[in-house]
Each structure stands twice: as structure tokens, then as C-alpha cells.
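All values below were derived from every heavy atom in this structure, side-chain atoms included, with hydrogens, water molecules and symmetry-related copies excluded.
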Amino acid sequence: MRHLLDVDDLSVAELAAVLDLAEQPDPPPVLAGKGVGLVFQKPSLRTRVSMEMAVVQLGGHPVSLQDFEVGLDRREPAGDVGRVLSRYCDLLGARVFSHDAVARLAASATVPVVNLLSDQAHPCEVLGDLLVLRRRLGSLAGRTVAWVGDGNNVCQSLLAGAALVGLNVAVACPAGYEPSAASLAHAGSLLTHDPAEAVDGADAVYTDVWTSMGQETEAVDRRRDFSGFTVDDALMARARPDAVFLHCLPAHRGEEVAASVIDGPASAVWDQAEARLHAQRGLLWWLSSQ
């Protein structure tokens, strides 16, 4: 039984296998007659719809549970939720605030568990990102992605995934918003407080919102601290001429990204959103075979 709490729960060969399966247009019904329980402590658009459709395309039945129904760690401890859902479902996924919650759920579960997002990691997003980058750039070894903004969960999973495929990551963030030291240790990554330094010559430029769910009380301070970290046309011009722009969405045009960039010809954002479906389908297919 395997869990995916972050990208580096996969080996180099396993990650390649998941991405290869994601490319298959007609997957077999490997989840026929099986249920996949999906617990959403946080609201969701892309994660819920893409995961449900991935399960359906593999012949399975998704069961999505909202926070008011489960009350994770309020009505019932995460560990008890994992024990109970394992009796009903063949795979589980959880989108939570605290990484500790999905880790405890996985520790008690007797079926594979996928982290659909936590404050520490967002592996499903990065699987889709790597799929898009592989399609756009070909071999990823030696290529560079510039991350501009908060060293958050997506950034940390990107660093983990990049190490597995030989991708360089240049991280530019304000002081105090760096990714964890453990994440930076995954690869020989550049850490700077200067967006221009990170973006110079990059093959892709990636950003995310400055204020994530659960950080709303910090929004004013974050807008001040992230001043100068907007990905605009001038910053994109420092990357390679054929560089792509990435954003995991939702986006705040005029804040972390200019409308002319996210809606412009360099943007691969909508391909990213679609790739979540394919990457997660490949992951569930792979997990079902373990």
C-alpha cells in the first residue's frame, strides 16, 4: 500500500511512470466497482472536479465529503476518519489545512491516501505542472523554472518534484517568506530576494497568490511585503523568449500577475488546470496497481 503525501514519496522511475500513464488517452477501468473517498476541509474547484472526473474515467465512483459533513479533527479525529473510510473505499484523498491532519489520516488508513493539498505540500498540482512542462519543453533535465512569490506549499512540492526530474528551480521571495530549508535541500536551487535574478534566462516563470486560504488576516501585510513581486511583461521579458507562464489558480490579476501575462501568449495556465485531471488519473491508475 502506498500513500502520496508529497511528490518525493515517488521515486524517479515511479514519477516517470505516473506521468506516462497520465498521457494515455483511453485508460482501462481499473477502478470499476471501487469507491474513492475525497475529504475536503478546504473549498475546491479544480481539485474536486478533476479528481472526481479522474475517478470516473477509470471506472470508479467518487464520494466527495465537505468539511461540514466530516468535521475533520472537530467532530472526529483525522485518524478515525481514515479508519472508517478505509472500510468503505479503495482509495482516499484529503484537502486539508494542516499537513499533520492528512499525515494522521494516512497513518490510520488501510488503503492508499493522496494529499490533495495541505499547508506543506500540493503534490497533485505539481504532477500536473510537470506534465505541462514536459509537453512544452521536452526533456526537463537542466531546464529552469523561476518561482516568484511566496515559498508556499506549491513551491515546496515543486522543489521536490524538480529534484526527481533534474529541473532547476530559482526561487525569488521576500525575506521571511522562504520555502522550508528541507524543501530547498531537495535540489541545487537558487534562493534570492530579487525576482529579476530568478527570472533571468528561465524556461518557465511560476507564481501563486500572495495570500492563500487561511491567511486572510495577513492580506494587508502581504500586499506590502510582496510589492515588486508582480509577474508583469517587463519581468517576463527577462526570461527566455519562448518561456511559458504558470499559475496554479485562482489568480488575482493586478496583484501577483499582470492580466497581460496570464491572458497573454506565454500563458500555459489553462493547460495546467486541465493537466490536473490527466496527472491525477495517472496517479490513481498507478496507485491501483501497487
Determine whether [X] and [Y] make a side-chain contact, defined as any pair of heavy atoms from C-beta on separated by less than 4.5 Å.
X: Val244; Y: Tyr206; answer: no
X: Asp208; Y: Asp150; answer: no
X: Leu283; Y: Cys124; answer: yes

Below 30° counts as parallel, above 60° as perpendicular, anything between as tilted: where do the rings of Phe226 and Trp210 land? parallel
Side chain [X], main chain [Y], donor-acceptor under 3.5 Å:
X: Asp90; Y: Gly35; value: yes
X: Arg95; Y: Pro43; value: yes
X: Gln156; Y: Ala121; value: no
X: Asn168; Y: Thr144; value: no
X: Glu76; Y: Val81; value: no
X: Glu178; Y: Gly176; value: yes
X: Gln215; Y: Thr211; value: no
X: Asp9; Y: Asp6; value: yes
X: Arg136; Y: Ala204; value: no
X: Thr230; Y: Glu255; value: yes

Quick one: do [X] and [Y] end up in the same hydrophobic cluster if we chain Ile, Leu, Val, Met, Phe, Trp and Tyr together by side-chain heavy atoms under 4.5 Å apart?
X: Leu130; Y: Val171; value: yes
X: Leu116; Y: Val7; value: yes
X: Leu91; Y: Val18; value: yes
X: Leu4; Y: Leu31; value: yes
X: Ile262; Y: Val209; value: no

Give me the one residue out of Leu92, Val56, Val55 that meets side-chain contact (heavy atoms from CB on, under 4.5 Å) with Val36.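 Of the listed residues Leu92, Val56, Val55, the side-chain contact (heavy atoms from CB on, under 4.5 Å) partner of Val36 is Val55.
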Just jot down the side chain to side chain donor-acceptor pair (under 3.5 Å) partners of Asp203, sequence neighbours excluded, or say none. Arg143, Arg240
Once ring pair (Phe, Tyr, Trp, His ring centres under 6.0 Å) is applied, do any residues pair with Phe229, and if so which ones, sequence neighbours excluded?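 Testing Phe229 for ring pair (Phe, Tyr, Trp, His ring centres under 6.0 Å), a comparison that skips the adjacent residues, returns none.
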For a side chain to side chain contact (heavy atoms under 4.5 Å, CB included) check, start with the C-alpha distance between Val96 and Asp73, then their side-chain angles and the critical distance, and finish with the verdict. CA-CA 11 Å; Val96 299; Asp73 283 334; over 6 Å; no
Using the salt bridge (charged side-chain N to carboxylate O under 4.0 Å, His left out) rule, take Glu23 and Arg135 through it: C-alpha gap first, then chi angles, then the decisive distance, then the call. CA-CA 10 Å; Glu23 297 281 19; Arg135 289 171 174 174; 3.0 Å; yes
Give a yes-or-no answer on whether the side chains of Glu52 and Ser64 include a donor-acceptor pair shorter than 3.5 Å.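 There is such a pair between these side chains.
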Indicate whether any N or O donor in one side chain lies under 3.5 Å from an N or O acceptor in the other, for Thr192 and Glu197. yes
Surrounding CZ of Arg87 (heavy atoms of other residues, nucleotides or ligands, distance under 6.0 Å), is the total greater than 12?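 No, because the 6.0 Å sphere around CZ of Arg87 holds 12 heavy atoms or fewer from other groups.
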Test Thr47 against Lys42 for side chain to side chain contact (heavy atoms under 4.5 Å, CB included), laying out the working first. CA-CA 10 Å; Thr47 298; Lys42 277 188 168 185; over 6 Å; no
Candidate pair Ser50 and Gln280, rule side-chain hydrogen bond (donor to acceptor under 3.5 Å, both in side chains), full reasoning: CA-CA 8 Å; Ser50 60; Gln280 289 160 180; 2.8 Å; yes
Decide side chain to side chain contact (heavy atoms under 4.5 Å, CB included) for Ser288 and Leu58; before the verdict, give the C-alpha distance in whole Å, the side-chain angles of both, and the deciding distance to 0.1 Å. CA-CA 10 Å; Ser288 72; Leu58 293 171; over 6 Å; no
Test log, rule side chain to side chain contact (heavy atoms under 4.5 Å, CB included), inputs Met236 and Val205: CA-CA 7 Å; Met236 282 296 297; Val205 180; 3.7 Å; yes
Lys/Arg-Asp/Glu bridge criterion (N-O < 4.0 Å) met for Arg83, Asp80: yes
By the rule that ILVMFWY residues connect when side-chain heavy atoms come within less than 4.5 angstrom, directly or transitively, which residues belong alongside Val220? none
